[in-house]
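Below, each value reflects all heavy atoms present in this structure, side chains not excepted, and no hydrogens, waters or symmetry copies. Computed from a prediction, not measured in an experiment: that's the story for all the values here. Just so we're on the same page: letters track the sequence lines, and every chain starts at 1.
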Amino acid sequence: MKKNNNFEKICILTVIVSQNHANYFINRIINEIDVNYCYTLSGRGSAANAIHRALDIDNHKSIIMFLIKESLIKKANKIIEDRFSISKYAKGISFIIKIDSMIGYILYNFLINQKKIKYIKKENKK
Amino acid sequence: MQTGKLIIAIVNKGNSDLVMDAARLAGATGGTILNAYGTTNEENSKFFGVPYFPEKDIVLIIVNNKISDDVLSKIYNVAGLKSKATGFIFSIDINNILGININNEKNN
């Protein structure tokens, strides 16, 4: 038997939204797509506080980073675009950062949500 | 599918405005600011025996590929290593950008 070495590439899907909208993306993307891991950073927008108050925009931002298979990017982007189009308060930014390499087979299987290691049976040659 | 560059500037705390002003001059529209701490050799980072870690601002700016070099050099001129911000600035490639149209930046 030999191991299946058809690796799926992983990338980092980053979503920057207002702090009170972060949970929506975390819940939907983790529950509906094969994503096992994400982390969230807190930040703020670069415009002056006075402008944010005048336009009634929340300055606090959440930067959510999901580790996601490349094959699932379209599905994730559909969720994100639909949410951004709801209203100006739900708007944000998202983008993808590609990963060239990583170390750790078990970690990789966890990230791509591979429930068991696949083996391919070699045929006996007579 | 939009592609572009994510410019990351790591500067001393309180200098994020310097970075953003320089980036806007070069055509960027906005950015996101994170708070962070620098890491350093504990022996070198004591003040009267009390260890301290320098506070940093990390500024993330998304720009299109045409203006990224210009933005990088303008930020470096005002907030680079030799300035009071002692900034470390670099860029990485990003794609599938949603929520912002980076092809309508000022310089273009």
Side-chain angles (χ1 to χ4, degrees), chain A residues 9 11-19 21-22 25 39-52 55 57-66 68 70-100, chain B residues 1-11 13-37 55-65 68 71 74-75 78-79 85 90-105:
Chain A
K9 285 192 176 178
C11 53
I12 301 175
L13 166 65
T14 307
V15 181
I16 303 176
V17 287
S18 293
Q19 210 166 44
H21 290 269
F25 290 97
Y39 58 93
T40 309
L41 306 168
S42 295
R44 63 187 192 276
S46 59
N49 280 334
I51 295 174
H52 280 106
L55 295 175
I57 298 172
D58 181 14
N59 195 19
H60 295 101
K61 305 283 179 192
S62 284
I63 297 102
I64 316 158
M65 293 186 165
F66 300 93
I68 184 173
E70 274 192 358
S71 55
L72 298 171
I73 289 172
K74 267 190 185 169
K75 211 171 162 184
N77 279 348
K78 179 83 178 57
I79 294 174
I80 294 168
E81 271 176 326
D82 289 345
R83 180 68 178 182
F84 284 178
S85 60
I86 285 176
S87 79
K88 66 172 185 176
Y89 298 106
K91 276 198 186 309
I93 295 172
S94 94
F95 53 89
I96 302 276
I97 303 170
K98 293 201 172 185
I99 293 178
D100 285 332
Chain B
M1 181 178 86
Q2 287 193 94
T3 60
K5 297 261 193 216
L6 175 66
I7 291 177
I8 300 172
I10 304 172
V11 294
K13 188 178 171 74
N15 290 291
S16 54
D17 287 340
L18 262 181
V19 173
M20 283 314 308
D21 290 343
R24 285 192 187 104
L25 274 175
T29 47
T32 303
I33 300 160
L34 310 173
N35 295 331
Y37 282 100
E55 290 185 64
K56 301 283 183 186
D57 281 341
I58 300 176
V59 186
L60 308 175
I61 304 166
I62 297 177
V63 294
N64 68 36
N65 292 321
S68 66
V71 173
K74 286 216 161 54
I75 293 174
V78 297
F90 57 96
S91 69
I92 56 177
D93 290 325
I94 56 175
N95 49 40
N96 285 86
I97 302 170
L98 300 174
I100 180 175
N101 188 350
I102 56 171
N103 294 318
N104 277 340
E105 313 254 43

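- Of all heavy-atom pairs between A/S46 and B/G31, the closest is OG-N, 2.9 Å.
- The parts of A/I93 that come within reach of chain B are both its backbone and its side chain, each placing non-hydrogen atoms under 4.5 angstrom from that chain.
- With rounding to the nearest 0.5 Å, the separation of CG in B/L60 from CZ in A/F95 is 6.5 Å.
- At a 4.5 Å heavy-atom cutoff, B/I61 makes no contact with chain A through either its backbone or its side chain.
- Two residues are said to be in side-chain contact when any heavy atoms from C-beta on lie closer than 4.5 Å; B/N96 and A/K74 fail this criterion.
- The CZ atom of A/F84 lies 6.5 Å from the CG atom of B/L98; values are rounded to the nearest 0.5 Å.
- Top candidate by heavy-atom pairs under 4.5 Å with chain A, chosen from B/T32, B/L6, B/D17, B/T3, is B/T32.
- Crowding of B/F90 atom CZ: a count of heavy atoms from other residues, nucleotides or ligands under 6.0 Å exceeding 12.
- Expressed to the nearest 0.5 Å, how far CD1 of B/I92 lies from CD1 of A/I12 amounts to 7.5 Å.
- With a 4.5 angstrom heavy-atom cutoff, A/S94 touches chain B via backbone and side-chain atoms both.
- With a 4.5 angstrom heavy-atom cutoff, A/I63 touches chain B only via side-chain atoms.
- Rounding to the nearest 0.5 Å gives a distance of 11.0 Å between CG of A/N77 and CD1 of B/I97.
- Each of B/D93, B/I94, B/N95 was scored for a side-chain contact (heavy atoms from CB on, under 4.5 Å) with A/I96, with one residue passing: B/N95.
- Heavy atoms of B/S16 lying under 4.5 Å from chain A belong exclusively to its side chain.
- Note that the CZ atom of A/R44 and the CG atom of B/N35 stand 5.5 Å from one another [nearest 0.5 Å].
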